[in-house]
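In what follows, a single structure is set out as structure tokens and then discussed.
Both counts, for ligands and for their atoms, begin at 1 and track the order of listing. Fair warning: this is a prediction, and the values are worked out from it, not measured in the lab.
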Amino acid sequence: MNLTIIGATGMVGTRLTAEALHRGHPVTAASREPRQAGRNGVSTVAVDVGTGRSLDTAVAGADAVVLTVRAGAGHEDRLAAATTRVLDAAAAARAPLLVVGGAGPLRSPGDPAWLVADAPAYVPEEWRGLAAASTAQLHACRAHPAAAWTYLSPPAILEPGVRTGRYRRGTTTLLTGSDGTSRISVEDLAVAALDELENPGIDRHVTVAAP
Ligand SMILES: NC(=O)c1ccc[n+]([C@@H]2O[C@H](COP(=O)([O-])OP(=O)(O)OC[C@H]3O[C@@H](n4cnc5c(N)ncnc54)[C@H](OP(=O)(O)O)[C@@H]3O)[C@@H](O)[C@H]2O)c1
């Protein structure tokens, strides 16, 4: 699969790129300032989802596109429009889009009337803006008339760690462990994302967590 990863230099994007290369998939690594030129199997494109600069070039010929871009502090309201630009470009290229978004739009376990974005137990005050941006991002996907998208919500805690290759998969509700925590390593999230790309399911909104 030719994969275009937008946000390839970020915390998630670097692990996604490594996992894709590990599985033999060539990667077009896109971000505003790409830094992975010269790696075997990687070509780079300078893209800005905020303006749409070079988006069409980045997704041309892709078998699948991944968007893994974090909303900039103070610019959370721009993430949904940027996502719509990527949805447009992916639809025009007839490539499925996997959005690695936030945990915010998941339902709270035990109280499905509440979104995680509004649950202080999972989202402290300082992350509220980011969580709300993720919810708006999922709405942008749902509102798109043409794109073939899947929205992957991480659990509440997503940190660099160990690649075990194991994870639990759910859909619209936050997954928690027996101790009540909701977490996965970025490396295992990358495994789950590549599994989703290689074997797309019917669920548009999916989530994963450590087993
Ligand atoms: N628990 C959770 O819900 C949770 C936790 C962590 C992360 N996440 C989500 O995971 C995703 C990735 O986050 P991350 O932590 O990997 O972010 P990150 O480390 O900040 O990386 C962001 C990436 O996006 C690129 N980027 C930023 N603005 C861009 C733009 N306008 N156009 C093109 N590329 C742009 C950056 O490179 P340049 O600056 O060179 O453009 C970088 O490659 C986000 O959706 C984030 O919300 C969720």
Is any side-chain heavy atom of [X] closer than 4.5 Å to a side-chain heavy atom of [Y]?
X      : Y      : value
Tyr122 : Thr176 : yes
Arg23  : Leu194 : yes
His25  : Leu3   : yes

Got a donor-acceptor contact below 3.5 angstrom from the Asp48 side chain to the Arg53 backbone?
-> no
Could you tell me whether some N/O pair between [X] and ligand 1 is separated by less than 3.5 angstrom?
X      : result
Gly102 : no
Gly7   : yes
Leu158 : no

Minimum-distance protein heavy atom relative to [atom]:
atom                    : value
atom 42 (C) of ligand 1 : Thr9 OG1, 3.5 Å
atom 46 (C) of ligand 1 : Gly101 O, 4.1 Å
atom 31 (N) of ligand 1 : Asp48 OD1, 2.8 Å
atom 14 (P) of ligand 1 : Arg70 NE, 3.8 Å
atom 40 (O) of ligand 1 : Glu33 N, 3.0 Å
atom 33 (C) of ligand 1 : Val47 O, 3.2 Å
atom 32 (N) of ligand 1 : Val49 N, 2.9 Å
atom 21 (O) of ligand 1 : Gly10 CA, 3.1 Å

Quick one: which ligand 1 atoms are inside 4.0 Å of a heavy atom on [X]?
X      : answer
Gly50  : 31 (N)
Val100 : 11 (C), 44 (C), 45 (O)
Thr68  : 11 (C), 12 (C), 23 (C), 24 (O)

Ligand 1-proximal atoms of Ala156, by part, heavy-atom distance under 4.0 Å |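 Contact part for Ala156 vs ligand 1: backbone (N, CA, C, O).
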Should the proximity of Ala103 to ligand 1, defined as any heavy atom under 4.0 Å, be assigned to the side chain, the backbone, both, or neither?
->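 Contact part for Ala103 vs ligand 1: both backbone and side chain.
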Shortest non-hydrogen separation from Val47 to Ala30 and the atoms involved =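 It is CG2-CB, 3.9 Å.
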From Arg35, Arg32, Arg78, Met11 - option closest to atom 38 (P) of ligand 1 by heavy atom =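 That would be Arg32.
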Which one of Ile184, Val69, Ile157, Leu174 has a non-hydrogen atom at the shortest distance from atom 44 (C) of ligand 1?
->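 Looking at heavy atoms only, the winner is Val69.
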Consider only side-chain heavy atoms of I, L, V, M, F, W and Y, link residues closer than 4.5 Å, and tell whether Leu98 and Ile5 are in one cluster.
-> yes
Can we say Arg15 and Asp188 salt-bridge, meaning some charged N sits less than 4.0 Å from an Asp/Glu carboxylate O?
->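 Here Arg15 does not pair with Asp188 in a salt bridge, since their nearest N and O are not under 4.0 Å apart.
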Is any side-chain N of the basic residue among Arg169 and Asp203 closer than 4.0 Å to the acidic one's carboxylate O?
-> yes
From His22 atom NE2 to Arg163 atom CZ, the distance as rounded to the nearest 0.5 Å = 4.5 Å
Does Pro155 reach ligand 1, in the sense of a heavy atom lying below 4.0 Å from it?
-> yes
Going by heavy atoms, is Ser134 under 4.0 Å from ligand 1?
-> no
Trp114 six-ring centre to Arg107 NZ/CZ under 6.0 Å and within 45° of normal | no
Using only heavy-atom distances, determine whether the side chains of Ser153 and His205 contain a donor-acceptor pair under 3.5 Å.
-> yes
Heavy atoms from other residues, nucleotides or ligands near CZ of Arg166 exceed 12 (cutoff 6.0 Å) =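 Open.
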